[in-house]
Amino acid sequence: MRAKRLCAAMLLWLAPPANADTPAEIVILGEVHDNPHAHLEQAAALKALRPTAVVFEMLTAEESAKADADRSQIAQAWAASGWQHFDIYAPIFDALGDARIIGAAAPREAVQRVYSEGAAELFGPEAARFGLDQPLPEDQQAGRVALQFAAHCEAMPREMMGGMVAVQRYRDATFARAALNALEAYGPPVAVITGNGHARTDWGIPALIAQAAPEVTTHAIGFVEAETAVPFDEARLIPPAERDAPCNALIEN
């Protein structure tokens with residue numbers, strides 16, 4: 001399997017790739033979840049990349065297995081996941097070609113257990129490989145707590161944010177592991193469909209792949225609605241989606 005990966009990677013470098021700017025083994029395509037323009041851009045990127053497999057943040061392994069075995073079941077698998085607005089994600093699935101559909105979402109009950117048992121315990125024997133057995137540096141922990149507090153409109157107790165950071169670390173590691181497993185199984189390139197927060201290169205999926213498998217090359221593209229300081233290998237501007245102010249409901253309640 002390793003030889004298969006190396007041969008496929010060599011072909012990517014020797015032949016003009018579908019997307020010459022991203023000759024990486026794993027390409028992470030970030031998104032703003034409710035923005036249709038992001039998903040159209042992701043679909044275009046998939047058509048250019050022609051990946052062997054696409055890892056979805058939104059689907060569990062069980063849900064994706066049903067969708068992968070029978071493409072007519074994709075919408076049903078999406079509904080079972082609890083994610084909404086399949087219509088704006090449909091172009092991504094239309095662009096898959098022969099790529100395998102891989103689900104990386106952890107079951108909800110597992111995510112809930114992170115709060116009580118910790119990310120490393122839930123992740124299992126490979127926790128150290130992805131750094132989950134170690135606390136974050138103090139400055140990074142503080143920064144991530146502040147981001148979670150702001151993301152939740154400062155409407156929840158700040159002391160709850162540490163648990164949410166632990167969940168984010170667990171999910172990032174789960175997505176990174178799924179991408180590496182897909183790469184091992186199907187060869188490069190593998191694509192990942194995920195939120196921009198998971199695509200960031202400083203502590204998201206690319207950073208965890210670099211820690212767990214430093215020989216694997218990655219390229220992270222953030223599809224963003226405005227100029228941002230969030231680090232990606234590449235940031236592409238998209239038109240903002242029309243939406244109500246996200247904090248209104250929480251503040252009013």
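Side-chain atoms of R144 and Q141, non-hydrogen and from C-beta on, never get closer than 4.5 Å to each other. The closest side-chain heavy-atom distance from E25 to T218 is not below 4.5 Å. By the 4.5 Å heavy-atom criterion applied to side chains, I26 and T217 are not counted as neighbours. Looking at heavy atoms from C-beta onward, I102 lies out of side-chain contact with V54 at the 4.5 angstrom threshold. Proximity of I101 to R71: side-chain heavy atoms (C-beta onward) are separated by under 4.5 Å at one or more points. With contacts defined as side-chain heavy-atom distances shorter than 4.5 Å, the pair V224/F232 qualifies. Contact of the V192 side chain with the V27 side chain is not registered, since no non-hydrogen atoms from C-beta on lie closer than 4.5 Å. Inter-residue side-chain proximity for L136 and R169 is flagged as met; some heavy-atom pair is nearer than 4.5 Å.
V216 and Y186 end up in the same hydrophobic cluster when Ile, Leu, Val, Met, Phe, Trp and Tyr side chains are linked at under 4.5 Å. A continuous path of hydrophobic side-chain contacts links F149 to V167 [ILVMFWY only; heavy atoms under 4.5 Å]. Following chains of ILVMFWY side-chain contacts shorter than 4.5 Å, one cannot reach W83 starting from L40, and the two form parts of different hydrophobic clusters. Linking Ile, Leu, Val, Met, Phe, Trp and Tyr residues whenever their side-chain heavy atoms come within less than 4.5 Å leaves V145 and V230 in two separate clusters. With hydrophobic clusters built from ILVMFWY side chains whose heavy atoms lie under 4.5 angstrom apart, M164 does not share a cluster with L147.
The list of salt bridge (Lys or Arg N to Asp or Glu O under 4.0 Å) pairs with a residue in residues 95-105, not counting sequence neighbours, reads D68-R100. Identified under the side chain to side chain donor-acceptor pair (under 3.5 Å) test for residues 54-63, with sequence neighbours left out: E57-R171, E57-T194, T60-E63. Among residue pairs with one or both ends in residues 104-116, those qualifying as salt bridge (Lys or Arg N to Asp or Glu O under 4.0 Å) are R113-E117; sequence neighbours excluded. Annotation: ring-ring contact (aromatic ring centres under 6.0 Å, His included) contacts involving residues 38-77, sequence neighbours excluded, comprise H39-Y89, F56-F93. Listed by first and then second residue, the side chain to side chain donor-acceptor pair (under 3.5 Å) pairs involving residues 224-233 are N35-E225, E225-R243 (not counting sequence neighbours). Residue pairs meeting the salt bridge (Lys or Arg N to Asp or Glu O under 4.0 Å) criterion with at least one partner in residues 190-202, sequence neighbours excluded, are R200-D202.
Atoms CG and CZ, on L96 and R50 in that order, are 14.5 Å from each other to the nearest 0.5 Å. S64 OG to I74 CD1: the interatomic distance, rounded to the nearest 0.5 Å, is 10.5 Å. Separation of atoms CD (Q42) and CG (L29) is listed at 5.5 Å; rounding is to 0.5 Å.
For the residue pair L208 and A173, the shortest heavy atom distance occurs at CD1-N, 3.3 Å. Scanning both residues, P206 and I28, for their nearest heavy atoms gives CG-CD1, 4.0 Å. Considering every non-hydrogen atom in both L180 and A212, the closest pair reads CD1-CB, 4.2 Å. The heavy-atom pair separating A199 from G30 by the smallest distance is CB-CA, 4.0 Å. In terms of heavy atoms, T201 sits closest to A220 at CG2-CB, 4.0 Å. For V111 against A106, the heavy-atom pair with the smallest separation is CG2-CB, 3.9 Å.
Judged as a side-chain hydrogen bond (donor to acceptor under 3.5 Å, both in side chains), and not counting sequence neighbours, the contacts of D172 are H198. The ring-ring contact (aromatic ring centres under 6.0 Å, His included) check on F123 picks up F130, with sequence neighbours excluded. In this structure Q148 satisfies the side-chain hydrogen bond (donor to acceptor under 3.5 Å, both in side chains) test with no other residue, sequence neighbours excluded. Residues passing the side-chain hydrogen bond (donor to acceptor under 3.5 Å, both in side chains) test with R129 are E126, sequence neighbours excluded. By the ring-ring contact (aromatic ring centres under 6.0 Å, His included) test, H37 is found to be paired with no residue, residues two or more places apart in sequence or in another chain being considered.
In this structure, the side chain of W78 engages the main chain of Q84 through a donor-acceptor pair within 3.5 Å. Side chain of Q73 to backbone of K66: no donor-acceptor contact under 3.5 angstrom is found. Between the side chain of T52 and the main chain of G187, a donor-acceptor pair closer than 3.5 Å is present.
Judged by the 6.0 Å and 45° rule, R236 forms no cation-pi pair with F223.
Under a cut-off of 6.0 angstrom, the local environment of CD in Q140 is crowded, with over 12 non-hydrogen atoms contributed by other residues, nucleotides or ligands.
If you chain together ILVMFWY residues whose side-chain heavy atoms come under 4.5 Å of each other, V32 ends up in a group of its own.
With 3.5 Å as the limit, one finds a donor-acceptor pair spanning the side chains of E31 and H33.
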